[in-house]
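Comments concern the structure below.
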Amino acid sequence: MSQLRAAAARGLQRSRAVRSPGRSRKGAAPRGGGPAPAPAQPPAQHLFSDAAEIEAVRRNLLTWYDKCKRDLPWRTLAASEPDVDRRAYAVWVSEIMLQQTQVATVIDYYNRWMQKWPTLQALAEASLEEVNELWAGLGYYSRGKRLQEAARKVVSELAGRMPRTAEDLQKLLPGVGRYTAGAIASISYGQATGVVDGNVIRVLCRLRCIGADSSSPAVIDRLWDMANALVDRSRPGDFNQALMELGATVCVPKAPLCEECPVKQHCRARRRVEKELGLASRRLLGTCPPVPDVEDCGVGGCPLCPPATEPWDSSLGVTNFPRKAAKKQPRAARTAACVLERRGRCGAPQYLIVQRPSSGLLAGLWEFPSLPLALGLQEEKQRELLADHLQAWTGRPVAAGGLRYVGEVIHIFSHIHQTYVVYSLPVDGDVTLDPVSSPSRWVTEEEFHASAVSTAMKKVLKACEKQRGEQNGSGKVSKRKRGAKPGGAGSRPTGTQLSLHAFFRTPSPQ
Ligand code: SF4
Ligand SMILES: [Zn+2]
């Protein structure tokens with residue numbers, strides 16, 4: 001649900017760029033030229049223009065929502081919090097967390113966040129480290145950072161008062177786009193403004209048979225117009241949530257539950273499927289002359305119908321809508337990561353983690369010492385590069401042969417297909433990395449999980465622990481050769497604590 005929500009936001013950004021070339025979010029003047037010509041009205045098939053139908057859609061959807069809505073903590077807060085700033089803050093946090101993330105995952109994070117920082121003021125006083133720690137595992141870490149930056153801005157520049165309209169929320173708060181602003185304003189303030197996220201895109205495209213690329217600026221613009229026209233004037237927040245809820249639970253991407261849908265009688269995709277089925281059975285019975293299939297809206301070159309190159313596919317039914325341009329494949333990347341492990345008090349393992357730079361991917365998060373690798377390197381070469389890297393960090397020579405190969409861990413970021421080539425290095429002395437390059441610290445397993453570490457790094461540690469468990473459990477040492485998959489290559493005898501001195505040789509005098 002939330003990935004689609006982000007797609008809508010991305011489409012919107014493109015849309016704004018098309019409509020207002022050269023205009024930034026801060027309101028710089030448009031460059032050159034007069035006003036763009038008004039876009040032609042799309043064919044009626046793709047619109048909601050009948051007032052009685054709009055009323056019926058609102059009524060049916062709200063009745064269904066009142067009966068079927070999920071009980072979610074942010075909904076409870078939005079309904080019960082009397083203070084308008086607190087209410088807007090509570091909705092804002094939920095909307096940011098829900099971008100790119102499933103509801104089921106968000107609930108626990110949301111509850112912990114609101115318990116720790118129940119107000120904007122509390123969040124503004126938190127450190128980025130604390131924010132990252134709580135956000136750890138939720139992904140897309142810049143969201144938490146931006147949320148906190150915006151909270152600080154509200155406290156320091158707006159006297160702690162949230163902007164009171166969707167337009168001002170979008171204009172004044174960094175990281176708040178049109179969707180988030182509309183959601184906060186409609187749910188917290190009752191402003192009659194629509195929202196368009198991935199779920200809304202799907203529902204509206206099906207209701208109105210919109211088959212053109214749903215991430216294109218032209219289609220996104222139309223959907224916003226439609227959402228603004230449809231939104232219930234007296235219960236805008238509930239209506240918007242109902243539309244999103246319908247997309248999340250009934251009008252789902254692959255197998256929509258049309259029979260349970262409260263707006264099925266207004267759904268043109270469903271009507272088209274029914275017509276096609278009727279025609280097909282009449283043809284079978286020989287009672288129908290050989291007429292052409294049910295057509296699109298009938299307007300040649302319609303910008304909202306499916307393109308001629310990808311016509312309606314009867315086998316897909318209502319899931320013909322929406323359609324999106326093919327997604328760009330994520331780029332492949334490889335990184336060597338080394339789990340340095342020592343025995344702490346009572347023999348419990350401790351791990352060395354280092355902090356990433358404060359900007360860029362996974363900004364400010366902690367990770368095992370890592371090194372980006374060129375694609376296509378041999379395992380031996382990777383090992384050497386990692387050893388050199390550790391050597392530069394520690395200021396002591398590191399023998400490549402001392403690195404124990406654990407395996408490969410794959411993690412998909414939104415735009416990167418990341419492979420971590422994992423090594424471990426047991427040590428029995430103290431190792432600190434050059435503090436000039438990155439802060440580093442030793443942590444117990446418990447501290448590791450409570451730190452601001454990414455899900456990818458948790459997978460890396462799990463791979464190490466799995467290897468150790470397998471080896472300890474069998475009581476035997478894997479004899480697989482270096483370069484083999486997890487647990488194999490270059491493995492040293494297990495259960496044996498390797499000495500730091502085995503890997504860090506004293507440099508010979510020059
Ligand atoms: S009838 Fe089916 S396709 Fe149409 S809006 Fe309802 S669930 Fe979606
Ligand atoms: Zn059309």
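Whatever order the structure lists them in is the order used to number ligands and atoms, beginning at 1. Just so you know, residue 1 is the first one in the sequence shown, and it goes up from there.
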How far is [atom] from its nearest protein heavy atom, and which residue and atom is that?
{"atom": "atom 4 (Fe) of ligand 1", "result": "Cys267 SG, 2.4 Å"}
{"atom": "atom 6 (Fe) of ligand 1", "result": "Cys261 SG, 2.3 Å"}
{"atom": "atom 1 (S) of ligand 1", "result": "Arg270 CD, 3.5 Å"}
{"atom": "atom 2 (Fe) of ligand 1", "result": "Cys258 SG, 2.4 Å"}

Stepwise salt bridge (charged side-chain N to carboxylate O under 4.0 Å, His left out) check, Asp232 with Arg235:
CA-CA 5 Å; Asp232 189 89; Arg235 296 177 60 192; over 6 Å; no
Cation-pi check for Tyr420 against Arg334: NZ or CZ below 6.0 Å from the six-membered ring centre and within 45 degrees of the axis, yes or no?
no
Within 45° of the axis and under 6.0 Å from the centre of the six-membered ring of Tyr141, does NZ or CZ of Arg143 qualify?
no
Could you check, using the six-membered ring where one of them is a Trp, whether Trp74 and Tyr110 have ring centers closer than 6.0 angstrom?
yes
Within the 4.5 Å heavy-atom criterion, are Val219 and Arg222 side-chain neighbours or not?
no
State whether Cys251 contributes an N/O/S atom found under 2.8 Å from atom 4 (Fe) of ligand 1.
no
Contacting atoms of ligand 1, where contact means under 4.0 angstrom from a heavy atom of Lys264:
1 (S)
